[in-house]
Amino acid sequence: AQTVTQSQPEMSVQEAETVTLSCTYDTSESDYYLFWYKQPPSRQMILVIRQEAYKQQNATENRFSVNFQKAAKSFSLKISDSQLGDAAMYFCAYRSANNDMRFGAGTRLTVKP
Amino acid sequence: AAGVIQSPRHLIKEKRETATLKCYPIPRHDTVYWYQQGPGQDPQFLISFYEKMQSDKGSIPDRFSAQQFSDYHSELNMSSLELGDSALYFCASSLEGLAGGSSYNEQFFGPGTRLTVL
């Protein structure tokens, strides 16, 4: 079974600085999708960014980008120019080709003014 | 290490039937969350319980109810099932401890229950 590991339960960053959240996963599949979700206090899950495993180019969404290392099975999220509104729980997730989903345990990001 | 257990893993129901999904949190975890993820959609937070009391409520339909029992396991009861209820239902558990269920701690997700409504 696939597992997703987020090794940083908590991270903090100064406003306007850059922070990287780590995620590794274990799979024997070659075709899959990876996601980062943001969960604010409302508990709503908001998609931040997604990456298809067959794409070598790292996904980017405005201030959010990923470093996808397929061979190393690593999928880190970089948040540039951090804003106070970025403070939340961040979940890394894996979806297999047959739509089986696995989530990491989350990283709590604090943004200091 | 023990993980979150969900049962059943797969469930097929007809429209207007009822379904009960079960979640067994990691031992000593006091908080349970339920999420629904429809095909091609992001997970939607449904409801959470801390120490057997409802702590947060999300987009849970009135046809659904949930509770957390004295042994901390939780059940999601779904009635008058509709085709649109077909989804993956995830349970996650965490240890909120003395923070009263409002702090942000790691949530350990179960493997999910895949519900198909025909």
Side-chain angles (χ1 to χ4, degrees), chain A residues 1-13 21-27 32-52 61 64 85-111, chain B residues 1-6 9-10 23 25-26 29 31-50 54-60 66 86-97 99-116:
Chain A
Q2 309 92 342
T3 58
V4 178
T5 302
Q6 292 178 247
S7 59
Q8 308 150 316
E10 294 184 73
M11 290 285 284
S12 68
V13 63
L21 308 185
S22 300
C23 174
T24 59
Y25 57 95
D26 183 29
T27 185
Y32 51 88
Y33 295 84
L34 296 164
F35 305 84
W36 277 99
Y37 289 99
K38 172 185 178 182
Q39 187 180 53
S42 67
R43 302 292 188 192
Q44 178 187 7
M45 286 281 212
I46 302 167
L47 178 65
V48 174
I49 201 165
R50 61 177 275 169
Q51 174 85 41
E52 291 89 342
E61 286 289 340
F64 298 88
D86 294 334
M89 283 291 284
Y90 286 83
F91 291 96
C92 177
Y94 168 107
R95 191 179 82 203
S96 68
N98 66 352
N99 291 320
D100 187 25
M101 285 290 288
R102 291 287 186 266
F103 293 87
T107 296
R108 177 169 41 177
L109 178 65
T110 303
V111 181
Chain B
V4 175
I5 297 171
Q6 290 188 247
R9 292 294 314 277
H10 301 273
C23 170
I26 291 172
H29 278 194
T31 304
V32 168
Y33 308 83
W34 284 98
Y35 296 90
Q36 175 193 57
Q37 186 171 25
Q41 297 179 5
D42 300 330
Q44 297 292 319
F45 169 69
L46 294 179
I47 196 167
S48 64
F49 292 87
Y50 166 69
Q54 180 181 309
S55 53
D56 283 307
K57 188 173 182 179
S59 53
I60 184 169
S86 295
L88 273 168
Y89 289 83
F90 291 97
C91 168
S93 76
S94 68
L95 178 62
E96 302 295 340
S102 62
S103 63
Y104 267 102
N105 291 335
E106 293 174 291
Q107 295 177 34
F108 294 85
F109 282 76
T113 293
R114 189 178 296 275
L115 173 66
T116 302

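In what follows, chains carry the letters A, B, and so on, assigned in the order in which the sequence lines appear, proteins first and then strands, with residues in each chain numbered from 1.
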Distance col, row B/Gln41:CD vs A/Met45:CE, nearest 0.5 angstrom, shows 14.0 Å

Could you give the distance from CD (B/Glu106) to CD (A/Glu10), rounded to the nearest 0.5 Å?
-> 8.5 Å

What is the ring orientation for B/Phe109 with A/Phe103, classed by angle as parallel under 30°, tilted 30 to 60°, or perpendicular over 60°?
-> parallel

Might you point out which heavy atoms bring A/Asn99 and B/Leu88 nearest each other, and give the distance in Å?
-> O-CD1, 3.6 Å

Where does A/Phe35 contact chain B at under 4.5 Å (heavy atoms): side chain, backbone, both or neither?
-> neither

Atom CZ of A/Arg43 and atom CG of B/Leu46: how far apart are they, to the nearest 0.5 Å?
-> 13.0 Å

If you measure from CZ on B/Arg9 to CG on A/Asp100, what distance do you get to the nearest 0.5 Å?
-> 6.5 Å

Take B/Asn105 and A/Met89, measure what side chain to side chain contact (heavy atoms under 4.5 Å, CB included) needs, and give me the verdict at the end.
-> CA-CA 8 Å; B/Asn105 291 335; A/Met89 283 291 284; over 6 Å; no

B/Pro111, part contacting chain A, at a heavy-atom distance under 4.5 Å | both

